[in-house]
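Below is one structure; the comments refer to it alone.
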Amino acid sequence: MPQTFDFLVGTFDTPELYTLRFTSPGRLEDREGAGKLEILHRTPAIGSHSWLHLSPPKEDGTRNLYATAWTEPPAVAAYVVKSPTDIQLLGSAQTRSRSGYVTASDIALYSAGGGTGEVFSLDPKTGNIIAPLKSEDAQVKSEHVRVNGVRGGNPSEIQPLQLLSFVDEEGQRDDGSVMDFGGLRHGAHSADLSPDGRALYVADIGRNCIWTFSVDPKTGKLALGEKHISPDPHDGPRHAWPHPNGKIVYCLQEHSFRVDIFSATNHGVNLVHEDGVNIVPAGTGSIGYWADEVRTSLSSGDKPKYLYASTRALNKGDKGYVAVYKLTDEGVIDDSFPPHSTWRIPIRHPTKDSDCGWKPFFRGLQYLWETPTSGGWANAIQPGPTVDGVEYLAMTDSEEGFVFVLGWDGEEFKEVARTKLPNGAGAATAVWL
């Protein structure tokens, strides 16, 4: 029987949040294009929300939604989600630069963007952004994590618990283009917590590294762990995503279109490069793409079976890709079988690269699916529910404003449903309720 599931979508360019309702296909064999996706509700927002993070449910059934806010000045925002159609603003706090990404624990909100980042205290009961509570933390508003020996800038009205600065002697690059997003393409882009909350990972495109931090469990404060330089000088780490076991971290490389795989020790703070796989067709070289997102599947709990990674095309009219890789129970690539035939998808920009040089990077590839559009600034994927053995993912597109639901049954990857946001809104990211 068909089932319904709701998820939220933010945009890059309009002050609103959308609640979408997905109805799964009634029969497995009819899943391609047979699902239904509709806009259920539109919630006014304080600004465009390019990234969303949803907290686990509280005892009263509500959840907290945290978002980047591309306002002027830039900010982060906190909402309470009482139901799919009842979402209320709790508060916001200014950031020194445009945030690319937010994540949160019960007591702290973490933001990173360009050359700077912030840690904000949260009210554990309401989830709202607040000033540091304890007297010993009152002085923290002037304390900076000196990642590269550089102190941060002006505080916001709600003082952060900590200010982060990632810039080095060369400063923070921002070429001023619409695709640089205020320095996000040349600086820190994301922040994600380890499964146990004891480590934070900040992927930094511009400085070609992952910053790792240890997390104080009582306050949420950070202590710098290491600056882990990427394996290739042109990788550009965009997102770092931990495996549920906490022993593996996947890093999506924006410029080299790869997912690098790291083992993690010391409660997740120390990383060692172990492997890497490609997520665009063989022979594409470095032309025309920028990778976007990496996520593990949800259907098998703490032992996800699959790794999903997406890539955007730089030019309108070209297409992006979603790659599906098989994982072992430990979280490494399962290379016990040859790659799926889709790794030889015809390419639009042929190069002189030979197939032989690319084959090692497709071990464990289950599927390589061409997206309907370039994805624009998005092609962001977010795994969702599993119904009758089919894993469903939401995927956003800012080129045309589409939101898609994709289905993966372990053999084929297909579009199941789509809708389009109104008024030219560019879909950014999605979180399933």
Side-chain angles (χ1 to χ4, degrees), residues 9-14 18 20 32-33 37 48-51 70 100-101 175 177-182 184-186 189-190 205 234-236 238-239 252-259 278-295 308-324 342-351 365 367-382 393-408 413-430:
V9 174
T11 78
F12 287 109
D13 43 19
T14 60
Y18 288 93
L20 275 64
E32 183 172 19
L37 187 61
S48 56
H49 293 324
S50 66
W51 191 262
W70 287 9
Y101 202 104
D175 63 17
S177 72
V178 67
M179 294 178 70
D180 198 21
F181 310 104
L184 292 181
R185 290 204 72 194
H186 299 101
H189 193 278
S190 66
I205 300 173
H234 305 292
D235 276 336
R238 175 181 173 85
H239 287 164
L252 189 284
Q253 309 289 9
E254 180 169 302
H255 300 323
S256 59
F257 330 121
R258 291 163 48 86
V259 174
N278 205 45
I279 57 173
V280 295
T284 51
S286 59
I287 302 174
Y289 300 101
W290 49 333
D292 187 75
E293 189 57 273
V294 61
R295 285 291 185 268
Y308 300 109
S310 62
T311 305
R312 304 158 289 182
L314 279 167
N315 300 311
K316 187 174 182 179
D318 289 341
K319 310 297 183 182
Y321 294 94
V322 178
V324 185
T342 56
W343 82 284
R344 294 181 181 273
I345 287 175
I347 60 174
R348 299 174 183 272
H349 305 287
T351 71
L365 179 69
Y367 215 86
L368 189 59
W369 183 75
E370 189 175 72
T371 61
T373 70
S374 72
W377 299 345
N379 261 3
I381 50 173
Q382 187 64 39
L393 300 86
M395 185 177 77
T396 51
D397 155 68
S398 73
E399 181 183 297
E400 300 291 341
F402 287 119
V403 180
F404 305 94
V405 174
L406 313 176
W408 167 246
F413 199 89
K414 295 182 178 182
E415 178 188 328
V416 177
R418 70 167 69 180
T419 192
K420 190 173 184 178
L421 300 185
N423 304 319
T429 52

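Along the sequence shown, the residues carry numbers beginning at 1.
Within the model, atoms OH of Y367 and NZ of K414 stand 7.5 Å from one another, a figure rounded to the nearest 0.5 Å. The distance from the CG atom of N379 to the OH atom of Y289 is 11.5 Å, given to the nearest 0.5 Å. Between L37 atom CG and E415 atom CD the span is 9.5 Å, to the nearest 0.5 Å. With values rounded to the nearest 0.5 angstrom, F12 atom CZ is found 7.0 Å from W377 atom CH2. The CG atom of L393 sits 11.0 Å away from atom CH2 of W408, with the distance rounded to the nearest 0.5 Å. Between H255 atom NE2 and I205 atom CD1 the span is 6.0 Å, to the nearest 0.5 Å.
A search for side-chain contact (heavy atoms from CB on, under 4.5 Å) contacts involving A291 returns L252, I279, T311, not counting sequence neighbours. For S374, the side-chain hydrogen bond (donor to acceptor under 3.5 Å, both in side chains) criterion is met by E399, not counting sequence neighbours. In this view, Y101 and D192, R295 satisfy the side-chain hydrogen bond (donor to acceptor under 3.5 Å, both in side chains) rule, not counting sequence neighbours. Applying the side-chain hydrogen bond (donor to acceptor under 3.5 Å, both in side chains) test to T429 and every residue at least two apart in sequence or in another chain returns nothing. Every residue two or more places apart in sequence or in another chain that forms a side-chain hydrogen bond (donor to acceptor under 3.5 Å, both in side chains) with T11 is listed here: T14. Here D292 pairs with R238, R312 under the salt bridge (Lys or Arg N to Asp or Glu O under 4.0 Å) rule; sequence neighbours left out.
No donor-acceptor distance shorter than 3.5 angstrom exists from the side chain of N423 to the backbone of A425, with no hydrogens or angles considered. Listed for the T396 side chain is a donor-acceptor partner under 3.5 Å among the backbone atoms of A428. Here the side chain of N315 pairs no donor or acceptor atom with the backbone of D318 at under 3.5 angstrom.
Here the closest non-hydrogen pair linking S256 and D235 is OG-OD1, 2.7 Å. What you find for E293 and I381 is that their closest heavy atoms are CG-O, 3.7 Å. Residues V9 and A427 come closest through the heavy atom pair CG1-CB, 4.1 Å. Here the shortest heavy-atom pairing between V280 and F257 reads CG1-CB, 3.8 Å. Closest non-hydrogen pair, A380 versus S310, comes out as CA-OG, 4.4 Å. What you find for G236 and Q253 is that their closest heavy atoms are C-OE1, 3.5 Å.
Under the 4.5 Å side-chain criterion, counting only non-hydrogen atoms from C-beta, R418 is in contact with P372.
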Step-by-step side-chain contact (heavy atoms from CB on, under 4.5 Å) determination, L406 to W369: CA-CA 10 Å; L406 313 176; W369 183 75; 3.5 Å; yes

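Counting only N and O atoms by type, the side chains of W70 and S48 include no donor and acceptor under 3.5 Å apart.
Taking the six-membered ring where tryptophan is involved, the planes of Y308 and F413 are tilted, since the angle between them lies from 30° to 60°.
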